[in-house]
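Here the structure is laid out as structure tokens; the discussion comes afterwards.
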Amino acid sequence: MITKSIKTYIFTFCVGCGFAAALTACSEWDDHYDADKAAEGAGNTLWQQLKANPQLSDFCRVLDETKVFRMHKKTSVSYAQLLHSGQAFTVVAPVNGTFNCDSLLDLVKTHQGDSVVEKLFVFNHLSRSLSSLTDVERSVLMLNSKHAMMSSSQIEGVRIIDSNRHAKNGILHVVERPLPYEYNLYEALCNIPELQGIGAFLRQYEQDYFDAEASVSSGIVEGVPVYVDSVVVERNRMLNQIGLINSEDSTYWVVAPTAAGWERAWEQASQYFVYDEQVLKRDSIQQYWTNRALMDDAVFNMTDQRSVQDSLISVPYLNWRKGYVTGKPVYHVFYRPFAASGLLDGATPIQCSNGMLYQVAEWPFTPEQTYFKELWSEGESNGLIIAEKDCSYNIRRQVADSISENSYLQILPRSATSNWELTYRVNNTLSGDYDICAIVLPKTVVPGQQNPDMKPCKFKATINYVDETGAAKTFNCNNTQFQTDPEKVDTVVLAEAFHFPTSNYDQSSIKVSVKIQCSILARETSKFAREMYLDCIYLRPRTSKSE
């Protein structure tokens, strides 16, 4: 993928505005070069230097035939012309017979092939940094944003035949063979045939972004800015969400299944993101969240890891951790990844320029570990209450391991005989099966309470949802009369393995809710109490769907 820096270089090549920068740099060059080498050929351009060396004729042929791409379009400007211009470069030139020149020339005859030669070969041997060889090893940024290590005798492990040749627009180094090209993680996922399932998905989110700050403006015409050099940056929207695996300056690990394994996992996950017909662009939304479901936990930023032998923490962990509460499942953390049956057990490591790719046959997670999570609607969250009747309520704080988020809702009837109702919205349900529960706290939860009323509360529940057409549906939980246990934390299962036919993930509209309704008859007042301490509405995922 072309990053911002590379695209900026391409566009600045075309406008020919780098003479001043090149001339300014010349004053410093003599401090780094052998005086004789600096004098020899100093009046020639890099292209003239290259043409004058018979060992570099194959490299020159490729440069002469390869055209610059601008905004995905092939221009008439060749890299030979650029190296003959006033723009400054460092060129690392491989000698004849060390690469297949004819194959590269065949490639540049096609639009796509020319782009490939530019990215994978030409960019790998050109740099905008003016870099002479010294005794101190250092990193040089090439046009493909990869960092080449340069010492006094080699570049990226390739022996230098001739170095520090001074041209009026840069520096020439001659090497015994082409510099090795190492995919970064994004390139590997997009180009390794066995991983083409993930690569095809990632490419969908590539887009061009106009960078006004990096572009050269010629003023405003009729109120509209006009640019003489419009810099357009290629970027991938998905990588902003799952991890910048195209960045050469970062280090990641990625676990990726083969194309067949990806297809099987995708088919399974897509069943959980079926949206109703009233959702605009529902197919696109389904596709997006299915892809996210499979990739969110497959990327690991290595700056976040403490000990990879003990655990791996995926990219979403830090955001999820902010809302984490003791007692709930731990997501985005995978323990002992290299142990038997661990995340990376049996994986094939592939070294990339910015990290490690671990290829596996199958997606190595379960839905319950990743996207098919427990859902909690906290009783004390006023914003989740969408309807109420004949009740008042108070938020109570109580620090205890058995109380979710250390808070609960005390529900009181308006009158001694009022059968109150409360309805909670439930967010981010998937089109899957859940046990739907209400967690009710005992009457003894209030510290220091004297002679608490230990009678249970009796209530009914209704689940509201929508079907595939978007029509509202209700399930009355078989009209069951539930009773709480006043002496313990009581998880009351309102509906077991209840199936939501559609997903409401990441939707703002209220389509799923749970209503709790006190159902004590007047003659039952002596047996039951209308007060309730509601901890939360809790949805527990059931066994994942079959592939």
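For the single chain, residues carry numbers from 1 onward in sequence order.
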(request) Applying side-chain hydrogen bond (donor to acceptor under 3.5 Å, both in side chains), run through Asn169 and Trp47 and close with a yes or a no. (result) CA-CA 9 Å; Asn169 64 335; Trp47 178 244; over 6 Å; no
Proximity of [X] and [Y] rings by center, below 6.0 Å:
X	Y	value
Phe300	Tyr252	no
Trp289	Phe273	no
Tyr371	Phe365	no

In the structure I gave you, are the side-chain heavy atoms of [X] and [Y] within less than 4.5 Å of one another anywhere?
X	Y	value
Leu312	His332	no
Thr429	Leu375	yes
Ile160	Ser153	no
Leu50	Leu63	yes
Thr303	Thr251	no
Val62	Phe99	yes
Trp266	Leu294	yes
Leu539	Trp376	no

Just wondering, are more than 12 heavy atoms of other shown residues or ligands nearer than 6.0 Å to [atom1] in [X]?
X	atom1	result
Gln305	CD	yes
Asn240	CG	yes
His147	NE2	yes
Arg336	CZ	no

(request) Show your reasoning for whether side-chain contact (heavy atoms from CB on, under 4.5 Å) applies to Phe123 and Glu118. (result) CA-CA 6 Å; Phe123 279 2; Glu118 178 190 55; 3.6 Å; yes
(message) With side-chain contact (heavy atoms from CB on, under 4.5 Å) as the test, pick out the partner of Thr66 among Leu104, Val122, Leu105.
(response)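 Among Leu104, Val122, Leu105, the one meeting side-chain contact (heavy atoms from CB on, under 4.5 Å) with Thr66 is Val122.
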(request) Take Asp249 and Ser247, measure what side-chain hydrogen bond (donor to acceptor under 3.5 Å, both in side chains) needs, and give me the verdict at the end. (result) CA-CA 5 Å; Asp249 296 318; Ser247 171; 4.9 Å; no
Without placing hydrogens or testing angles, list every side-chain donor-acceptor pair under 3.5 Å for residues 170-183, not counting sequence neighbours.
unit_1: His173; atom_1: ND1; unit_2: Asn164; atom_2: N; d: 3.0
unit_1: His173; atom_1: NE2; unit_2: Ser131; atom_2: O; d: 2.8
unit_1: Glu176; atom_1: OE1; unit_2: Arg159; atom_2: NE; d: 3.2
unit_1: Glu176; atom_1: OE1; unit_2: Arg159; atom_2: NH2; d: 3.3
unit_1: Tyr181; atom_1: OH; unit_2: Glu187; atom_2: OE1; d: 3.3
unit_1: Tyr181; atom_1: OH; unit_2: Glu187; atom_2: OE2; d: 2.7

(request) Decide side-chain hydrogen bond (donor to acceptor under 3.5 Å, both in side chains) for Glu374 and Tyr434; before the verdict, give the C-alpha distance in whole Å, the side-chain angles of both, and the deciding distance to 0.1 Å. (result) CA-CA 9 Å; Glu374 294 184 353; Tyr434 296 88; over 6 Å; no
Can you give me every donor-acceptor pair (side chain of residues 337-351, partner residue at least two apart or in another chain, under 3.5 Å) with its distance?
unit_1: Asp345; atom_1: OD2; unit_2: Ser341; atom_2: N; d: 3.0
unit_1: Gln351; atom_1: NE2; unit_2: Gly355; atom_2: O; d: 3.2

(request) Please assess Ser78 against Lys67 for the test side-chain hydrogen bond (donor to acceptor under 3.5 Å, both in side chains), listing each intermediate value before the final yes or no. (result) CA-CA 4 Å; Ser78 72; Lys67 299 298 191 293; 5.6 Å; no
Closest heavy-atom contact between [X] and [Y]?
X	Y	answer
His125	Pro94	CD2-CD, 4.0 Å
Leu107	Val117	CB-CG2, 3.7 Å
Asn428	Asp506	OD1-N, 2.9 Å
Ile285	Leu280	CD1-O, 3.3 Å
Leu133	Ser151	CG-O, 3.1 Å
Val77	Gln81	CA-OE1, 3.3 Å

Please check this pair: side chain of [X] against backbone of [Y], looking for a donor-acceptor N/O pair closer than 3.5 Å.
X	Y	value
Thr502	Val274	no
Arg128	Ala88	yes
Asn44	Gln49	no
Glu156	Met149	yes
Ser431	Tyr272	yes
Gln48	Thr45	yes
Ser314	Ala298	no
Asn236	Leu202	yes
Asn504	Gln507	no
Trp262	Ala256	no

Straight-line distance of [X] [atom1] to [Y] [atom2], nearest 0.5 Å:
X	Y	atom1	atom2	value
Met150	Ser163	CE	OG	9.5 Å
Met238	Phe201	CE	CZ	4.0 Å
Met295	Ile198	CE	CD1	5.0 Å
Ser250	Leu244	OG	CG	6.0 Å
Phe89	Ser129	CZ	OG	12.0 Å
Cys352	Asn184	SG	CG	7.5 Å

(request) May I have the step-by-step check of side-chain contact (heavy atoms from CB on, under 4.5 Å) for Asp58 and Leu56, ending in yes or no? (result) CA-CA 6 Å; Asp58 286 351; Leu56 304 178; over 6 Å; no
(request) On the 0 to 90° scale, with breaks at 30° and 60°, tag the Tyr205-Tyr288 ring pair as parallel, tilted or perpendicular. (result)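 Because their plane-to-plane angle is over 60°, the rings of Tyr205 and Tyr288 count as perpendicular.
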(message) Quick one about Ser57 and Asn96 (side-chain donor to acceptor, distance below 3.5 Å, no hydrogens or angles considered), yes or no?
(response)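 Yes, Ser57 and Asn96 have a side-chain donor paired with an acceptor closer than 3.5 Å.
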(message) Distance alone, cut at 3.5 Å: any donor-acceptor contact between the side chains of Glu248 and Ser353?
(response)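 Per modelled atom types, Glu248 and Ser353 side chains form a pair under 3.5 Å.
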(message) Under the criterion side-chain contact (heavy atoms from CB on, under 4.5 Å), I'd like the reasoning laid out for Ile242 against Arg292: C-alpha separation, chi angles, the key distance, then a yes or no.
(response) CA-CA 8 Å; Ile242 66 174; Arg292 283 286 303 275; 4.1 Å; yes
(request) Could you give me the CA-CA distance, side-chain angles and deciding distance for Leu357 and Leu195, then say whether side-chain contact (heavy atoms from CB on, under 4.5 Å) is met? (result) CA-CA 11 Å; Leu357 177 65; Leu195 304 176; 3.4 Å; yes
